[in-house]
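To find a chain, count down the sequence lines: A is the first, B the second, and so on, and within it residues start at 1.
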2 protein chains.
Amino acid sequence: MGTGMDDPAAAKPTLRDVALAAGVHIATASRALSGSKTRPVNPRTAAAVRQAAAKIGYVPDQVARSLRTHRTRAIGVLIPDMSNPVMPPLVSGAEQVLAQHGYTTLFADTDNDHAAETQRLAAFLSWRAAGLILATARRDQPLAPEVVNSGVPLVLMSRKLDATPVPSATIDESVGIAQALDYLISLGHRRIAYIGVPTWTSAGYERLMAFREITRDRGLDLPPDFAVVCEGYAERDGEAALTALLARPDRPTAVLSGNDMMALGCYDAIRRAELRCPADVSVVGYNDMPLTHRVDPPLTTVRVPYFDLGRQAATLLVEVLNDRGSMNRSVRLTPRLLVRNSTAPASA
Amino acid sequence: MGTGMDDPAAAKPTLRDVALAAGVHIATASRALSGSKTRPVNPRTAAAVRQAAAKIGYVPDQVARSLRTHRTRAIGVLIPDMSNPVMPPLVSGAEQVLAQHGYTTLFADTDNDHAAETQRLAAFLSWRAAGLILATARRDQPLAPEVVNSGVPLVLMSRKLDATPVPSATIDESVGIAQALDYLISLGHRRIAYIGVPTWTSAGYERLMAFREITRDRGLDLPPDFAVVCEGYAERDGEAALTALLARPDRPTAVLSGNDMMALGCYDAIRRAELRCPADVSVVGYNDMPLTHRVDPPLTTVRVPYFDLGRQAATLLVEVLNDRGSMNRSVRLTPRLLVRNSTAPASA
DNA sequence: TTGAAAGCGATACCAG
DNA sequence: CTGGTATCGCTTTCAA
């Protein structure tokens with residue numbers, strides 16, 4: 001522990017120092033610098049104060065300011081798992097907008113662990129975060145009661161809740177699924193399978209629902225078990241699921257996958273069944289993660305604007321923060337099918 | 001602006017409420033909860049206080065605490081560009097360790113923009129961050145003077161500075177380069193090219209230097225322009241560089257690339273030159289980004305433990321924070337060559 | 001071992 | 001338009 005608590009270099013200048021240097025009262029200095037709307041300051045005095053502040057290198061203390069005003073300019077961003085390639089752009093997009101509005105981003109990765117989530121939320125709350133952006137929501141799980149009770153404004157990012165109406169920035173999954181399906185149908189495919197991501201996220205659930213609805217709508221009349229939901233998000237999950245399907249006599253001629261990793265697992269299943277992609281089986285992925293254009297064959301997939309989604313989530317939150325009365329606006333962004341070479345006309 | 005400042009739901013319980021509920025003085029409550037070393041508290045009283053705190057759902061206010069103690073438990077993490085696949089694991093690793101030690105992570109992505117960097121650093125400083133983890137360092141650029149003057153402890157992550165000795169967590173690039181080169185040499189390659197990332201990061205610079213040194217060491221006697229440094233990090237940079245090299249009569253039979261993206265660009269150059277990888281030209285990448293095992297051919301590359309590197313950076317910083325007197329310890333992690341199928345014995 | 005009181009740095013009321 | 005002053009929630013010195 002050593003000597004105690006003295007900073008080695010600099011005792012940071014405080015507002016008092018600025019006031020002293022400018023020859024005004026500390027209260028005046030405060031008003032001059034924070035541009036108080038209600039209390040006007042003489043332009044000349046204000047200029048002098050600003051000059052003095054600049055000269056001595058004054059930086060306002062957010063901590064002190066927050067204590068006094070009960071409003072921090074910090075937003076907590078909670079992420080379930082950064083190794084999921086959709087997460088980094090979400091975080092960056094949010095951070096960019098938050099910074100533009102003068103907010104600092106508190107970041108945490110829960111690694112899909114409930115205890116970690118509780119701990120991180122408590123930390124955000126103990127920092128009196130002005131708002132929260134959550135990418136961790138599970139469809140059927142209510143929000144953590146501490147969060148609800150705290151009354152902190154929050155926005156859900158990329159996922160939302162079944163029951164609770166909370167502002168959210170999400171993707172219109174049905175558009176993505178529809179585009180993929182219609183493209184496959186236009187290629188002559190009728191027996192199309194869906195190898196899905198887990199449905200405890202709203203995104204996963206909506207993809208499954210959209211698949212069922214749209215295939216019915218288009219009159220495809222698929223066996224119910226052509227839509228399978230996997231336990232995980234990995235290549236092997238996709239591989240296992242498609243392997244089972246390819247063993248059937250009425251095997252699918254095309255597969256729509258809930259994400260790109262599993263789509264690549266489908267490649268393996270196809271190869272192991274001694275079939276070829278796309279000649280025998282077409283594959284469509286979802287998300288357009290990096291390098292999907294370089295796999296063999298280049299993956300046809302649904303490109304999702306995650307960076308933008310992060311920006312929108314932050315924008316929504318800033319709106320709520322600026323106007324507490326505003327309703328629960330949500331935004332929904334549209335993905336777009338990206339045709340590459342893992343899809344081809346139906347052969348059979 | 002409406003009514004003013006009242007929280008809709010809950011006036012959060014403060015230490016005073018805890019003290020009241022436990023029937024003790026606020027100072028006693030403080031000591032009981034923060035386990036003051038110097039001022040012992042009667043175990044029975046302490047228990048009562050803790051119980052009261054739990055009962056009314058007290059969460060200490062970090063803001064007030066920080067103001068009082070002049071020590072926040074917040075660490076700023078500055079990232080140059082989250083779309084670089086090495087960054088997310090760095091951030092997660094750091095956040096994990098920081099959270100374990102009770103620190104909250106302030107996150108910012110500068111997008112390689114100097115103005116953004118200045119702004120974000122100022123924000124971290126105005127939050128009185130207890131420390132900084134920087135992944136933005138450029139080899140030849142001194143640290144921002146505000147940072148230096150602030151005296152805030154900092155650690156460099158994945159990159160370091162030429163001149164200034166600052167604690168850092170980095171990779172031993174020479175080991176990665178040596179492993180790659182020795183493997184290629186063992187395959188019979190003599191004419192090995194290096195298609196490098198920019199050298200304004202220490203990592204990029206050290207990779208180049210290691211290439212030069214080790215090839216000389218092994219007696220390869222390469223033309224100097226077999227080591228080329230690209231302007232960017234993209235596939236097209238690698239493609240352009242290798243295209244030029246393949247046009248030479250003494251073209252290389254193997255290429256070591258400064259990152260995976262550029263290695264994939266090399267694939268394109270090889271194909272355009274109507275050669276094959278690995279039959280005619282072997283390629284080795286660097287970083288082992290996701291999906292490099294699925295490209296065609298699967299990329300032999302140097303796997304770098306970035307998540308761990310993030311953990312180490314945070315660990316280093318926590319050490320410094322716990323013991324201000326500690327020397328500038330740095331850590332250096334070791335990468336490991338991952339052999340896949342983009343490398344083969346030299347044909348010529 | 002506990003109570004009393006000062007004060008971190010800023011804002012926002014109140015007078016003047 | 002500007003000066004004085006209370007105060008946010010907490011820690012910590014000083015007394016008791």
How many Å lie between CZ on Arg71(A) and P on dG9(C), as a whole number?
-> 23 Å
dT7(D) P sits how many Å from Leu15(A) CG, rounded?
-> 20 Å
Measure from the side chain of Val24(A), starting at C-beta and using heavy atoms only, and say which of dA4(C), dG3(D), dC10(D) lies closest.
-> dG3(D)
Nearest to the side chain of Asp61(B) - dC1(D), dT2(C), dC10(D)?
-> dC10(D)
If you check every side-chain atom of Leu67(B), which of dG9(C), dA10(C), dT11(D) has the closest atom?
-> dG9(C)
Looking only at side-chain N and O atoms, does Thr45(A) come under 4.0 Å of OP1 or OP2 in dT2(D)?
-> yes
Where the side chain of Thr69(A) is defined as all heavy atoms beyond and including C-beta, which of dA5(C), dG9(D), dT11(C) is the nearest nucleotide?
-> dT11(C)
Ranking Val59(B) and Pro43(A) by the position along DNA chain D of their nearest nucleotide, the one closer to 5' is Pro43(A)
Establish whether the base of dG9(D) is bridged to the side chain of Arg128(A) by a donor-acceptor pair shorter than 3.5 Å.
-> no
Report yes if at least one side-chain N or O of Thr28(A) is closer than 4.0 Å to OP1 or OP2 of dG3(D); otherwise report no.
-> yes
Polar contact flag, side-chain donor to acceptor under 3.5 angstrom, Arg332(B)-Thr170(B) | yes
Hey, is CD on Gln51(A) packed in by over 12 heavy atoms from elsewhere, all under 6.0 Å?
-> no
How long is the span from the OG atom in Ser150(B) to the NZ atom in Lys12(A), to the nearest 0.5 Å?
-> 5.5 Å
Side chain of Arg31(B) only, please: which of dA4(C), dC8(D), dG3(D) is the nearest?
-> dA4(C)
Between Gln96(A) and Arg311(A), a side-chain donor and acceptor under 3.5 Å | yes
Length of the NZ-P vector between Lys12(A) and dA10(C), whole Å | 12 Å
Counting only N and O atoms by type, is there a donor-acceptor contact under 3.5 Å from the side chain of Thr28(A) to the main-chain atoms of Val24(A)?
-> no
Spacing between Asp17(B) atom CG and dC8(D) atom P, to the nearest angstrom | 12 Å
Could you state the atom-to-atom distance from CG of Leu33(A) to P of dA12(C) in whole Å?
-> 13 Å
Round to the nearest Å and state the distance from Gln62(A) atom CD to dT11(C) atom C1'.
-> 13 Å
Does the base of dG9(C) carry an N or O that pairs as donor and acceptor with the side chain of Arg68(B) under 3.5 Å?
-> no
Distance check: side-chain N/O of His70(B) vs OP1/OP2 of dC8(C), anything under 4.0 Å?
-> no
Within 45° of the six-membered ring axis of Trp200(A) and under 6.0 Å from that ring's centre, is NZ or CZ of Arg138(A) located there?
-> yes
So, is Ser30(B) close to the dT11(D) phosphate, meaning a side-chain N or O under 4.0 Å from OP1 or OP2?
-> yes
Could you tell me the separation between the CZ atom of Arg73(A) and the C1' atom of dA10(C), rounded to a whole number of Å?
-> 15 Å
Would you kindly compare Ile26(A) and Asn42(A) by the position of their nearest DNA chain D nucleotide and give the one closer to the 5′ end?
-> Asn42(A)
Mind calculating the distance between CG (Leu20(A)) and P (dG3(D)) to the nearest angstrom?
-> 12 Å
Contact under 4.0 Å: Arg65(A) side-chain N or O vs dG9(C) OP1/OP2 = no
